[in-house]
Each structure stands twice: as C-alpha cells, then as structure tokens.
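To start, the structure itself, in structure tokens.
Below, read A as the first sequence line, B as the second, and so on, with proteins coming before strands; counting in each chain starts at 1. Small disclaimer: the values here were computed from a predicted structure and weren't measured.
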Protein chains: 2
Amino acid sequence: MTDERYSISQVSRCFGVPISTLRYYDELGLLPSAGRKGNVRLYGPAELRRLALIQRLHHRGLVSLADTAALICEAPADDRPTGRDVLGASIETIKGRIEDLRAAQHLLEHMLTCPRADPVRDCTELRVELDQAVEDGLGALDV
Amino acid sequence: MTDERYSISQVSRCFGVPISTLRYYDELGLLPSAGRKGNVRLYGPAELRRLALIQRLHHRGLVSLADTAALICEAPADDRPTGRDVLGASIETIKGRIEDLRAAQHLLEHMLTCPRADPVRDCTELRVELDQAVEDGLGALDV
DNA sequence: TCTTGCACTCAAGTGGACTTGAGCGTGCAG
DNA sequence: CTGCACGCTCAAGTCCACTTGAGTGCAAGA
C-alpha cells in the first residue's frame, strides 16, 4: 500500500510463487516486470493483478501456460478472434475436466465406502461399470 | 466376446491408448499383460477392466500415474492403510481441483461475455476481484 | 522363399514447467 | 572497507508421462 513498487522477493512471498518462477514468467513475456531499477525487477499493481489472474487460470495445470498467455496477453487487435477461440475452447476443456473429475470422485468415494476388502477385485457394482466401458471399447473391434 | 484374449494392438484400438503407452504401463507394473504367447503380450477381460479404471482415474492428469498405481494395485494387506490414505487424499485433491476449475470457468465465461474490448484491462468487475486477491496477498507482507 | 505385418527390447529423446548452480554485481550496516 | 543479503544472467538439470528409433524375431500369405 505504502509503496506501489515491489521487489521480486516481496511478490514471491505475497503470492507464494517461487522467485525462479517469476523470472521464468518474465522470460516468457507472460509477466514482464513493470520496469527495472538498475537491472533489478520491480513490480507494480498491474503486474500483481496479472499474476493473480495467471494463478487463477494456471493453478495446478488448469490451463497450460501457453493458453494462459493467449488468454491474457492483449492480442494485437487483428488477433482478437484467436483470443476468443482460445477462450471458448478453454471453457469447453474445463467443463469436460470437471465432468471427468466428478466421475473420478464418485469412483474413489465408492472405493472408500465399499465394504469389500478390495473393491477393485470384489465389488460387483464397480465391475459392472467397468465392464460396460470394456464392452463399449470392444465394440470398436467389430468394425 | 468370441475370443477372451486380445493383442496389444486390439487393446490399443478399443481404448484409444497408444501401444507405446500400454507397453509403458506394463513396464511400470501398472497394467501387466495377462500372459504371453511366445513373448507377445496378451490381455484378458481383467486387464481390460483394469485399463478402464486407469483411464477413469488418470485421464488428462486427474490423478498421477503413481497415485493411480497406489489406488488400484492391491496393497499387500498390511499396506492397506496406505491405500486408504491415498484414496482420501485423492478425493480431497479432486474436490479442490473441481473448485479451482469452477472459478476458472466463471472467470473465462465472464471474459467471453464481457462487452469490454479487453476485459483484462478494462473490466471493472474483474479488476475488483483481482484487486481483492492482491490485497490478500499484500497482507502477508506486513507481518 | 520372400516379403509384409505385427510384435518385441532397450536406450535415448521430447515437451512442459520449472529448478538449480555457477559466477557476478550492488548497496548498506557494522 | 568488508561482508552479507539480495538480485542478476545463462546454461544445464529435473520430473513426469510418454514417444521414437534402431535392431530383431516370428508367422502367414503370394
């Protein structure tokens, strides 16, 4: 608040992002520093907001760094459609992943609560579901 | 259906998994073949089910291969708690990721529908949210 | 018999996202 | 003025999940 300009180590501490990562993002052009004093990077509010955005999108592999870059780097106007495309595609990808995760969650919860000692071998319910998947797959062989 | 034993290329085709990946999983012990004829891998129904399970868990990085292995390889009985732990932890991880994904999805949807030419720079709503995150982070500096 | 196709092994390479290390500069407290 | 914290660059290394390539074997069909 007092300052307006932050050193790389301050940014690192606030956001829990390693210094090496910040330098790496700078190198990529994903998060350039606001400027330099000597050759020391300084970050301002705009950079902090940008980093917050990057984190929200990229955190734990939600969106690849390349896509994140495509999404948040102001496109050169004529490139705008590209940005929109990535945007739409990313949303679809994310929706798909949420579905996948939900399925995996159900599966794991079943494994956790299943009274069978080894659900993978013994649980009928699980087996039925997996067999269905196998059937679906095998269908492809008869073509 | 007719057969009960499948070649690596058949399995590859049914499940859309590259042959190299199947060999890799075999090498890891994650998905051993049912046996070999000569030194050619053969897969049976149990292996297909196992592969279906692996896919559900591992698909697009949902769960790491190591964790997938921990989850589905029958633990040596005394190791059972370990399996349970991984199970619980995985479920929590997955829940967290679903939340993160939802947040990212909202953010992207806002960016898509926002009338501003460049939401990242111009959208007040977005800025407010990001500023909040920045404030939260900066709080850590005053300690 | 010869070729074609599928399978195998083992070692090395790939890509994404960083991390680590060596070697160097700079500013300020003691 | 010396030492330490902090910062810098550039090259190389790491981890994961595979993929690719070189070299080989076997079995069936023309």
Side-chain angles (χ1 to χ4, degrees), chain A residues 3 5-44 47 51 54-73 86 90 93 97 100 104 141, chain B residues 3 5-44 47 51 54-73 86 90 93 97 100 104 141:
Chain A
D3 210 10
R5 300 271 123 170
Y6 307 93
S7 72
I8 200 169
S9 63
Q10 288 178 310
V11 177
S12 165
R13 254 179 298 140
C14 306
F15 285 82
V17 173
I19 291 177
S20 61
T21 303
L22 292 172
R23 286 204 268 252
Y24 176 61
Y25 287 177
D26 185 1
E27 186 185 331
L28 292 184
L30 180 59
L31 181 68
S33 62
R36 298 209 170 190
K37 181 184 166 188
N39 78 342
V40 171
R41 288 171 183 85
L42 291 177
Y43 295 84
E47 284 69 39
L51 179 52
I54 292 170
Q55 280 198 305
R56 274 170 168 51
L57 294 178
H58 179 61
H59 194 214
R60 298 184 236 175
L62 302 180
V63 173
S64 75
L65 271 192
D67 284 352
T68 304
L71 290 171
I72 73 178
C73 296
V86 178
S90 300
T93 309
R97 281 171 71 123
D100 290 349
L141 280 188
Chain B
D3 209 12
R5 301 270 123 170
Y6 307 94
S7 72
I8 199 168
S9 64
Q10 287 178 312
V11 176
S12 164
R13 254 180 297 138
C14 305
F15 285 82
V17 173
I19 290 176
S20 61
T21 302
L22 293 172
R23 287 204 266 252
Y24 177 61
Y25 287 176
D26 186 1
E27 186 185 331
L28 292 185
L30 180 59
L31 182 66
S33 62
R36 298 208 170 192
K37 181 184 168 188
N39 77 343
V40 171
R41 289 170 184 85
L42 290 177
Y43 295 85
E47 284 68 41
L51 179 53
I54 292 170
Q55 280 198 305
R56 273 169 169 51
L57 294 178
H58 179 64
H59 193 214
R60 297 184 236 173
L62 302 181
V63 174
S64 75
L65 271 193
D67 284 352
T68 304
L71 291 170
I72 72 177
C73 296
V86 177
S90 299
T93 309
R97 281 169 72 121
D100 290 350
L141 280 188

Interatomic distance, B/Asp67 CG vs D/dC16 P [rounded to whole Å]: 11 Å

Value in whole Å for how far the C1' atom of C/dG16 lies from CG of A/Leu62: 15 Å

Rounded distance [0.5 Å steps], CG in B/Leu65 versus CG in B/Leu30: 6.0 Å

Nearest-Å distance for atom pair OH/P, residues A/Tyr24 and D/dT14: 17 Å

A/Pro32 to A/Glu47 - nearest heavy-atom pair and separation: O-CG, 3.4 Å

Interatomic distance, A/Leu65 CG vs C/dG16 P [rounded to whole Å]: 10 Å

Nearest atoms (heavy-atom pairs only) where A/Gly16 meets A/Pro18: O-CD, 3.9 Å

Inter- and intrachain pairs under side-chain hydrogen bond (donor to acceptor under 3.5 Å, both in side chains), touching residues 54-73 of chain A, at least two apart: A/Arg56-B/Glu129, A/His59-B/Asp100, A/Arg60-B/Asp100

Whole angstrom value for the distance that separates P of C/dA17 from CG of A/Leu30: 10 Å

Protein-nucleotide distance (B/Asp26, atom CG; C/dC10, atom C1'), rounded to Å: 14 Å

CG on B/Leu57 to CD1 on B/Ile72, rounded to 0.5 Å: 7.0 Å

Spatial distance of atom OG1 (B/Thr93) from atom CG (B/Leu62) [nearest 0.5 Å]: 11.5 Å

Atom-pair distance (CG on A/Leu28; P on C/dA17), nearest Å: 9 Å

Enumerate all atom pairs, one protein N or O and one N or O from nucleotides 3-5 of chain D, separated by less than 3.5 Å.
none

Pairs touching residues 13-40 of chain A that satisfy side-chain hydrogen bond (donor to acceptor under 3.5 Å, both in side chains), sequence neighbours left out: A/Asp26-A/Arg41

Closest listed nucleotide, where the reference is the side chain of B/Thr21 and the choices are C/dT19, D/dA17, D/dT19: D/dT19

A/Leu31 CG to C/dA17 P, straight-line distance once rounded to whole Å: 15 Å

Phosphate OP1/OP2 of C/dA17 contacted by A/His59 side-chain N/O (<4.0 Å): no

Pairing residues for A/Ser12 by the side chain to side chain donor-acceptor pair (under 3.5 Å) criterion, not counting sequence neighbours: none

Could you go over nucleotides 23-25 of chain C and give all protein N or O partners under 3.5 Å, atom names and distances?
none

Footprint string (nucleotides 6-13 of chain D, 5' to 3'): B base within contact, S backbone only, - free, heavy atoms under 4.0 Å: -SSB----

Heavy-atom pair with the smallest gap, counting every atom of B/Gly44 and B/Ala34: N-CB, 3.8 Å

D/dC18 OP1/OP2 closer than 4.0 Å to side-chain N/O of B/Tyr25: yes

For B/Gln10 against B/Arg5, the heavy-atom pair lying closest together: OE1-O, 4.1 Å

Phosphate-side-chain proximity, A/His58 and C/dC18, N/O vs OP1/OP2 below 4.0 Å: yes

A/Leu22 vs A/Phe15 side-chain heavy atoms within contact, under 4.5 Å: no

